[in-house]
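Keep in mind it's a predicted model, so treat the numbers as computed, not measured. So that the names make sense, note that chain A is the first sequence line, chain B the second, and so on, each numbered from 1.
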2 protein chains.
Amino acid sequence: MRIGELAKATGTKAETIRYYEREGILPAADRTDSNYRDYSDEHLATLIFVRRARALGFTMAQVRELLALSDHEDKPCRDVDQLVQRQLGEVTRKIADLTSLQNELQHMLRSCQADRIGECRIVESLARPLR
Amino acid sequence: MRIGELAKATGTKAETIRYYEREGILPAADRTDSNYRDYSDEHLATLIFVRRARALGFTMAQVRELLALSDHEDKPCRDVDQLVQRQLGEVTRKIADLTSLQNELQHMLRSCQADRIGECRIVESLARPLR
DNA sequence: CTTGACCTTGTAGTTACTACAAGGTGCATA
DNA sequence: TATGCACCTTGTAGTAACTACAAGGTCAAG
């Protein structure tokens, strides 16, 4: 698939895709005879992954690390283990925070549907468990 | 509490705190006789909220919206409802993505602990449910 | 044969910070 | 009393991760 198609499929600007290639986040695509980038389904999957990971608050460096886990066949288990452990900790913390926020939003929604204004604990939803 | 104390308590640079004040994300603090910013516990809670929300991938504009829900007493339920609905959708999607990623990381960890290298589906963990 | 998608290099704007510098006040402590 | 550190202000500039142009060129479908 060509860059425009990939851009559309992932909601990413073509310029951003080229930027990811320059930054080594997305592997360079094959080229057609006319020098157009020709993306595979793996490229598509990787790009979706990158975009989601970024939307979840991971930095480019973290995305790089996560992607590196993909070819951990090369590296000894011990090395990979530490990295996975660290990422897992962060992911778990994010889920906890989001779940707390989700609960409060649902609470607000229930209050609204009952057409009464409940007290709002939205700030507390994330602020409370001070780690 | 003074800015340095607040900075330390939240892991935020003092300069960032002043920046949030300029941007209207954090309400201006009271001032001491010597013109030092004097923060309350509510400021602390709000700042923790802002930092977490940012780390979870919300933009400043979205954080502003979330904070605005705090004083929804002023506005009719219908208006708030829509906003909450929208935020809830995003939060739920983020949780789903993170849970999927968490599962894959845990799977990798189990493989590593058994000292064998499992096949890696980390990219697929986020790429699969193409919405 | 024109129109639109693609190619390149390069510059500059945006968001959300982060880091200085310069010049000044407040205040605790040696 | 002097030193030093935390704070104040305004301002400029750097960083990360894009995003948007422009200029100049190639390619291919209608």
Side-chain angles (χ1 to χ4, degrees), chain A residues 1-40 43-44 46-68 87 90 94 97 126, chain B residues 1-40 43-44 46-68 87 90 94 97 126:
Chain A
M1 76 198 310
R2 300 200 311 195
I3 201 166
E5 206 181 335
L6 182 63
K8 206 166 180 184
T10 60
T12 312
K13 304 282 154 68
E15 279 158 329
T16 304
I17 296 173
R18 291 189 203 103
Y19 166 75
Y20 284 157
E21 184 182 312
R22 280 199 305 282
E23 295 298 307
I25 285 281
L26 197 63
D30 288 348
R31 296 298 180 118
T32 64
D33 292 351
S34 46
N35 201 32
Y36 285 7
R37 286 172 182 82
D38 187 20
Y39 292 99
S40 67
H43 281 103
L44 174 64
T46 303
L47 183 52
I48 293 172
F49 178 87
V50 170
R51 294 257 94 193
R52 298 241 172 113
R54 293 282 303 115
L56 293 169
F58 293 98
T59 64
M60 293 276 270
Q62 289 173 319
V63 171
R64 246 180 265 270
E65 284 190 354
L66 285 166
L67 286 173
Q87 297 284 5
E90 179 153 0
K94 279 177 195 271
D97 281 350
L126 289 189
Chain B
M1 78 197 309
R2 300 199 310 194
I3 201 166
E5 206 180 335
L6 182 63
K8 206 166 181 184
T10 59
T12 311
K13 303 281 152 68
E15 279 158 329
T16 304
I17 296 172
R18 291 190 203 105
Y19 166 75
Y20 284 156
E21 184 182 312
R22 280 200 304 283
E23 295 298 307
I25 284 281
L26 197 64
D30 288 349
R31 296 297 180 118
T32 64
D33 292 351
S34 47
N35 202 32
Y36 286 6
R37 285 172 182 83
D38 187 19
Y39 292 99
S40 67
H43 282 103
L44 174 64
T46 303
L47 183 52
I48 293 171
F49 178 86
V50 170
R51 294 257 93 192
R52 298 240 172 114
R54 294 281 306 116
L56 293 169
F58 292 98
T59 64
M60 293 276 271
Q62 289 173 319
V63 172
R64 245 180 266 271
E65 284 190 355
L66 285 166
L67 286 173
Q87 296 284 5
E90 180 154 357
K94 278 177 196 270
D97 281 349
L126 289 190

Minimal non-hydrogen separation, A:R2 against A:Y39, with atom names: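 Reported closest heavy-atom pair: C-CD1, 4.2 Å.
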Face-on cation placement of B:K94 at B:F58 ring, 6.0 Å and 45° thresholds: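 Flagged: B:K94 positioned over aromatic ring of B:F58.
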Partners meeting side chain to side chain contact (heavy atoms under 4.5 Å, CB included) with B:E5 (sequence neighbours left out):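 Result, side chain to side chain contact (heavy atoms under 4.5 Å, CB included) vs B:E5: B:M1.
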Nearest-Å distance for atom pair [atom1]/[atom2], residues [X] and [N]:
X: B:D33; N: D:dA6; atom1: CG; atom2: C1'; answer: 17 Å
X: A:E5; N: D:dA29; atom1: CD; atom2: P; answer: 14 Å
X: B:I17; N: C:dT18; atom1: CD1; atom2: P; answer: 11 Å
X: B:I3; N: C:dC27; atom1: CD1; atom2: C1'; answer: 18 Å
X: A:E21; N: C:dC7; atom1: CD; atom2: C1'; answer: 12 Å
X: A:R31; N: C:dC6; atom1: CZ; atom2: P; answer: 12 Å
X: B:R54; N: C:dA16; atom1: CZ; atom2: C1'; answer: 6 Å
X: A:D38; N: D:dA28; atom1: CG; atom2: C1'; answer: 15 Å

5' priority, DNA chain D, between A:N35 and A:R22 [closest heavy atom]: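 Nearer the 5' end of the strand: A:R22.
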With sequence neighbours excluded, residues passing side-chain hydrogen bond (donor to acceptor under 3.5 Å, both in side chains) with B:E23: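 Residues passing side-chain hydrogen bond (donor to acceptor under 3.5 Å, both in side chains) with B:E23: none at all.
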DNA chain C: 5'-proximal contact among B:K13 and B:R64 (nearest heavy atom):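 Of the two residues, B:R64 wins.
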Contact nearer the 5' end of DNA chain C, comparing B:Y19 with B:R2: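 Between the two, 5'-proximity favours B:Y19.
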No-hydrogen, no-angle side-chain donor-acceptor test under 3.5 Å, A:H43 and A:S40: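 Indeed, the side chains of A:H43 and A:S40 share at least one donor-acceptor pair under 3.5 Å.
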Sugar-phosphate only, base, or nothing, as touched by A:Y20 at under 4.0 Å among non-hydrogen atoms: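 The residue A:Y20 makes sugar-phosphate contact but no base contact.
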Touch class at under 4.0 angstrom, heavy-atom based, for B:T32 against every strand present: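 If one applies the 4.0 Å heavy-atom cut-off, B:T32 turns out to touch nothing in the nucleic acid.
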Distance-only donor-acceptor test (3.5 Å): side chain B:E15, base C:dC20: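 Counting by modelled atom types and ignoring angles, a donor-acceptor contact under 3.5 Å is found here.
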Side-chain N or O of [X] versus OP1/OP2 of [N]: is the shortest distance under 4.0 Å?
X: B:R18; N: D:dC8; result: yes
X: A:R51; N: D:dC18; result: yes
X: A:T16; N: D:dC18; result: no
X: A:S34; N: D:dA28; result: yes

